[in-house]
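In what follows, every chain begins at residue 1, and chains take the letters A, B, ... in the order their sequences are listed.
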Protein chains: 2
Amino acid sequence: MTTTKKAAPPSERRAHLIRLAADLFAEKGFRATTVREIADAAGILSGSLYHHFDSKESIGDEILRGFLDDVLDGYRRAVADVDDPRVAIERMVRSSTAALSRHRAALTMLQNDWAYFSAQDRFAYLRTAMKEIEQTWIDQLERGKQDGQFRADLDARLIYRLLRDILWIPTSWKQAQGKSWTTDEVVDGLLRLLFDGVVAR
Amino acid sequence: MTTTKKAAPPSERRAHLIRLAADLFAEKGFRATTVREIADAAGILSGSLYHHFDSKESIGDEILRGFLDDVLDGYRRAVADVDDPRVAIERMVRSSTAALSRHRAALTMLQNDWAYFSAQDRFAYLRTAMKEIEQTWIDQLERGKQDGQFRADLDARLIYRLLRDILWIPTSWKQAQGKSWTTDEVVDGLLRLLFDGVVAR
DNA sequence: CGTACCCGAGCAAGCGATTGGCCGGGTAGG
DNA sequence: CCTACCCGGCCAATCGCTTGCTCGGGTACG
């Protein structure tokens, strides 16, 4: 059980299979997706998947890692060399949105099956990453309060929690029905709502 | 298969079982919860559940119906005899929050397994109800724009979509970790954010 | 007796995962 | 050029287990 199995030969085929699996995870969630469905999408049998991966979880692992690395990298660059917290937050919002549209599956997995993943030692890095994300947001919100730019009665932690989840939202609209907005329209509407609210000044 | 099975004898025990199932659905989602887990929570065997319900889906059906009826009823009363759209929206926000805290499971089911439910004829009423909800929100937002109270450049449909999903968020915090906010704190913070944004005036 | 409730045992279907072997395209040695 | 070998990719079959659900029979209460 503890023997080191095949690590991760980064083949072309393998990457393609991950993309197929990610699409299914994005639509149905991780647990609700079966390895047989993934195999069907690839036009092979379920057993053949285990030539590339040693378990269904390792597929999920790879998807989640890629997502979090992307997000954290974006945040670090968003706050680097930026003094104005409002600018930093706007850059974080745009960075988040871009990353989320690149990793739609990871988000669905996190919100549907968070309890499943975070209970496993293998996915301990999830908690670590989430903490860094939270701290980054709170730092910028607090800075905005201190320099008088944001309302002094702002609960930074509460606003962060709301914001984080709000940012997830538009991702789930991607495949939805009818008239849809462009990414820019959504982000601009969101930023406007965040900074100014709906009331006319 | 098409024979009319037992309808729904509204017994005490039955209602209790639904509450137990709802708690599990709220934590793990509908599909991820097994009938055996529900039975375990009730201290009986899985087969014994089928004395009360003819399927797992009918349990879900009952939960979802109760939720939507509650929400729609609250909205209708929120907008009745109210001229000021800002007041109406505030009442809708508070009504939603109250309903959601009463039906935590229904919300989890809708966001985790929406694709699963809405694809079935049995749950066609889900789409109907969502349409009425959407129309109610948009009506009030448009009225606010017309009387100059809300920003004229507001995309009512976009704001509704954001708002609807934002309102669902705090529900999932209920069992979460650490310091938590009271319902009033969350609602007030939310309303403040909605109307005024984070920027100091 | 009847009704409400539940047990115990089990079913078919589907699940994730494993295994041994087939196949075709290199690559190397002669 | 031919032969021997390897190797990535996949199939076929199967394992042990869980899923939602069924059903005949039992028990306790009124």
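Nucleotide C/dC6 holds its C1' atom 14 Å from the CG atom of B/Asp40, rounded to whole Å. To the nearest angstrom, P of D/dG9 lies 11 Å from CZ of A/Phe53. For B/His16 and C/dC6, the NE2 to P distance is 11 Å, given to the nearest whole Å. Straight-line distance from the CG atom of A/Leu20 to the P atom of D/dG9: 14 Å, rounded to whole Å. Rounded to whole Å, the distance from CZ on A/Arg14 to C1' on D/dG9 is 14 Å. Atom-to-atom, CG of A/Leu49 to P of C/dT19 comes out at 16 Å; the value is rounded to the nearest Å. In this structure, B/Ile38 atom CD1 and D/dT18 atom C1' are separated by 15 Å, rounded to whole Å. In this structure, CZ of A/Phe30 is placed 14 Å from P of C/dC15, rounded to the nearest angstrom.
A/Met109 has its side chain out of reach of A/Tyr116: every pair of non-hydrogen atoms, C-beta onward, lies at least 4.5 Å apart.
Neither side chain, B/Ser55 nor B/Tyr50, offers a donor N or O lying under 3.5 Å from an acceptor on the other.
In this structure, A/Tyr50 does not reach the C/dT18 phosphate: none of its side-chain N or O atoms is under 4.0 Å from OP1 or OP2. Checking the phosphate oxygens (OP1, OP2) of C/dC15, no side-chain nitrogen or oxygen of A/Arg31 falls inside 4.0 Å. Between B/His51 and C/dC5 there is a side-chain N or O to OP1 or OP2 distance below 4.0 Å. Contact check, B/Ser48 against C/dC5: no side-chain N or O comes under 4.0 Å of OP1 or OP2. In this model, the phosphate group of C/dC6 is approached by a side-chain N or O of B/His52 to a distance below 4.0 Å at OP1 or OP2.
Across all strands, A/Ser55 comes closer than 4.0 Å only to sugar-phosphate atoms, never to a base (heavy-atom distances).
Shortest non-hydrogen contact noted between A/Lys28 and A/Ala32 is O-CB, 3.1 Å. Shortest non-hydrogen contact noted between A/Ile18 and A/Ile63 is CG2-CG1, 3.9 Å.
Of the two residues contacting DNA chain D, namely A/Leu45 and A/Arg36, the nearest-nucleotide position lying further toward the 5' end is that of A/Leu45.
For B/Ile44, the side-chain atoms get nearest to C/dC7 when compared with the rest of C/dC7, C/dA17, D/dC21.
Note on ring orientation: taking the six-membered ring where Trp is involved, the planes of B/Tyr75 and B/Trp137 are perpendicular (angle over 60°, cut-offs 30° and 60°).
Side-chain N/O atoms of B/Ser46 and base N/O atoms of D/dC21 include a donor-acceptor pair closer than 3.5 Å.
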